[in-house]
Visitor: 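Please find one structure pasted underneath; my questions will follow.
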Amino acid sequence: MAIKLSTEFAEPFYTQAEYDALIPDAKRGMEEVLTHFEKGEDPLGWFSLPEDYDRAEFARIEEAAKKIRETCQVFVVIGIGGSYLGARAAIEFCQGPFHNQLRKDGPEIYFAGTSVDGDALTELVRLCEGRDVCINVISKSGTTTEPAIAFRVFREMLEKKYGEEGAKDRIFVTTDKNVKPGTLKELAVKEGYESFVVPGNIGGRYSVLTAVGLLPIAVSGADIRAMMGGAAAARRAFRGEFEENVCMQYALLRNLFYRKGKKFELYASYTPAMELTGEWLKQLYGESEGKDGKGLFPVSAIYSRDLHSLGQYVQEGERTMFETILLFDKPRYTFDIPKADTDVDGLRYLEGRDMAFVNQNAFRGTALAHRDGGVPGLVLTLDREDEENFGYMVYFFELACAVSGYMLGVDPFNQPGVEAYKKNMFRLLGKPGYTN
Ligand code: PA5
């Protein structure tokens, strides 16, 4: 297993001297990760997690997932930000965007608490009518408004349907372990819900390989042991010196482009199953780097779909972005373009060709065009869309993000800016303690 980094479409945009000049910075970024980890500073629990995760908790997750798979048709995962994106990204990465329709056993999986839109909530509640439901509410702080509202709705639904005692068997809570008044943990203890822990030293956006992500992922039927194995392989792979360390090299290159005036990093994939991975990356990098007036703005796209929307801008708009293109060596399936009696659609030249051949050339044609149009492209290639590769990729991006944050001179683990909208919203809503 590996992630390969190619700079074929990026090299005309920097000199070797510029690259070499940043190597000490990249090494310092990695050193900072190690130093903070060794001193137990900063929430760096994710750094050693693939090796030292709590085996007993992991076994409980597997048990709970088995029970959920056997007892419901709909599984609603309630959470937002880091308490949502990783699980959904993993499920779509491993099982594709149609996982709910194609799953042979186990429940359909839906996500709630990701907005405060009553229409979305109404429709999800409707979708649960007449079906057996289990829920997993996930919130590290245990006080976030969006999931709190959704949890209130689904808890009431379960209590009406199964009675208070019956509902308890169907409610699973993932939160901080400390019982504080007015938090989800206090409620979980009071009601006796089965609870899983978000480790204190792992922040939301770095938590996909904890119970936060692992319970929903296991309910999907994905192999979470293989996922942790992939992450452990990445932990071993990115311990090495700069010259062999793709993680540090990627952090260096994105920092180099930033210094040269590229303000946007566009994560592009040619695989629709990567759509939520793009969302997860936006949160990981946006929240980790966007502060103190600094940071690359992360955006994501699925090609070739978005070549028919964003493509024009990427090709000819402001020259302030670079692309990080995520590819796979092997597709999940082979799919040959069928032969037809007529050539009215002009596709005879592709008959019998695998779709992977078309996708590969769509990528090369686009990367060349974007390069020629002034958009550098870094290419990261994974083996295939499976659990091991997801775990490997998660660890790669988490570590590269921490190194990048330290290179930029920001704290990659806080998110003070997230509070600003909440204060205004709470004041406007009349929340006690937030009046003018
Ligand atoms: O990365 C983060 O810390 C945030 O995006 C959180 O995950 C998000 O705000 C949800 O917070 P919580 O899990 O406390 O409900």
Side-chain angles (χ1 to χ4, degrees), residues 42-47 49 76-90 111-116 121 135-155 171-188 193 195-217 276-291 295 297-298 300 394-395 397-402 404-405 410-426 431:
D42 286 349
L44 273 145
W46 54 271
F47 182 68
L49 184 75
V76 180
V77 182
I78 302 171
I80 195 165
S83 292
Y84 147 70
L85 286 162
R88 188 160 170 199
F111 294 85
T114 58
S115 74
V116 279
L121 201 49
I135 65 175
N136 178 200
V137 55
I138 309 170
S139 175
K140 183 176 165 77
S141 62
T143 57
T144 307
T145 308
E146 292 91 334
I149 294 172
F151 182 43
R152 183 180 274 219
V153 169
F154 281 95
R155 187 159 69 104
I171 296 175
F172 299 83
V173 174
T174 308
T175 189
D176 196 85
K177 69 172 184 307
N178 299 316
V179 186
K180 293 188 203 125
T183 62
L184 181 60
K185 184 65 189 176
E186 188 191 26
L187 181 68
Y193 300 141
S195 293
F196 298 92
V197 175
V198 191
N201 60 354
I202 301 184
R205 56 188 175 275
Y206 293 82
S207 69
V208 53
L209 299 178
T210 71
V212 170
L214 293 179
L215 179 57
I217 297 168
L276 262 292
T277 295
E279 297 301 317
W280 175 77
L281 283 166
K282 275 151 56 176
Q283 190 214 4
L284 180 62
Y285 281 88
E287 270 191 2
S288 299
E289 287 194 307
K291 53 197 70 159
F297 186 81
S300 66
V394 160
Y395 194 85
F397 278 120
E398 287 178 349
L399 184 54
C401 184
S404 294
V410 298
D411 177 348
F413 303 110
N414 68 3
Q415 58 281 332
V418 176
E419 294 311 308
Y421 94 90
K422 291 185 192 168
K423 283 187 195 140
N424 285 338
M425 180 177 81
F426 291 150
K431 184 171 176 168

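The analysis underlying the following values was restricted to heavy atoms, covering all of them including side chains, and did not include hydrogens, waters or symmetry mates. Atoms within each ligand, like the ligands themselves, are counted from 1 in listed order.
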Visitor: For ligand 1, would you mind listing the residues that have at least one heavy atom less than 4.0 Å away, ordered by chain and number?
Guide: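 Around ligand 1, where the cutoff is 4.0 Å for heavy atoms, the contacting residues are I80, G81, G82, S83, S139, K140, S141, T144, G204, R205, Q283, E287, Q415.
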
Visitor: Nearest heavy-atom pair of Y206 and P412: which atoms, and what distance?
Guide: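 Answer, listing the atom of Y206 first, then P412: OH-O, 3.3 Å.
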
Visitor: Should L49 and I202 count as side-chain neighbours, where that means a heavy-atom distance under 4.5 Å?
Guide: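 Yes. Closest side-chain heavy atoms under 4.5 Å.
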
Visitor: Whether the side chain of K291 engages the backbone of N414 through a donor-acceptor N/O pair (distance < 3.5 Å, no angle test) should be reported.
Guide: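 Yes, because the side chain of K291 sits within donor-acceptor range (under 3.5 Å) of the backbone of N414.
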
Visitor: Of all residues at least two apart in sequence or in a different chain, which pass the side chain to side chain contact (heavy atoms under 4.5 Å, CB included) check with Q283?
Guide: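 Applying side chain to side chain contact (heavy atoms under 4.5 Å, CB included) to Q283 gives L85, R205, E287.
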
Visitor: Sort and list the pairs that fulfil salt bridge (charged side-chain N to carboxylate O under 4.0 Å, His left out) and have at least one residue in residues 174-183, not counting sequence neighbours.
Guide: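 As it turns out, there is no salt bridge (charged side-chain N to carboxylate O under 4.0 Å, His left out) pair with a partner in residues 174-183 once direct neighbours are skipped.
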
Visitor: Residues two or more places apart in sequence or in another chain: which of them pass side chain to side chain contact (heavy atoms under 4.5 Å, CB included) with A211?
Guide: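 A211: side chain to side chain contact (heavy atoms under 4.5 Å, CB included) contacts with E57, I61, T174, F196.
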
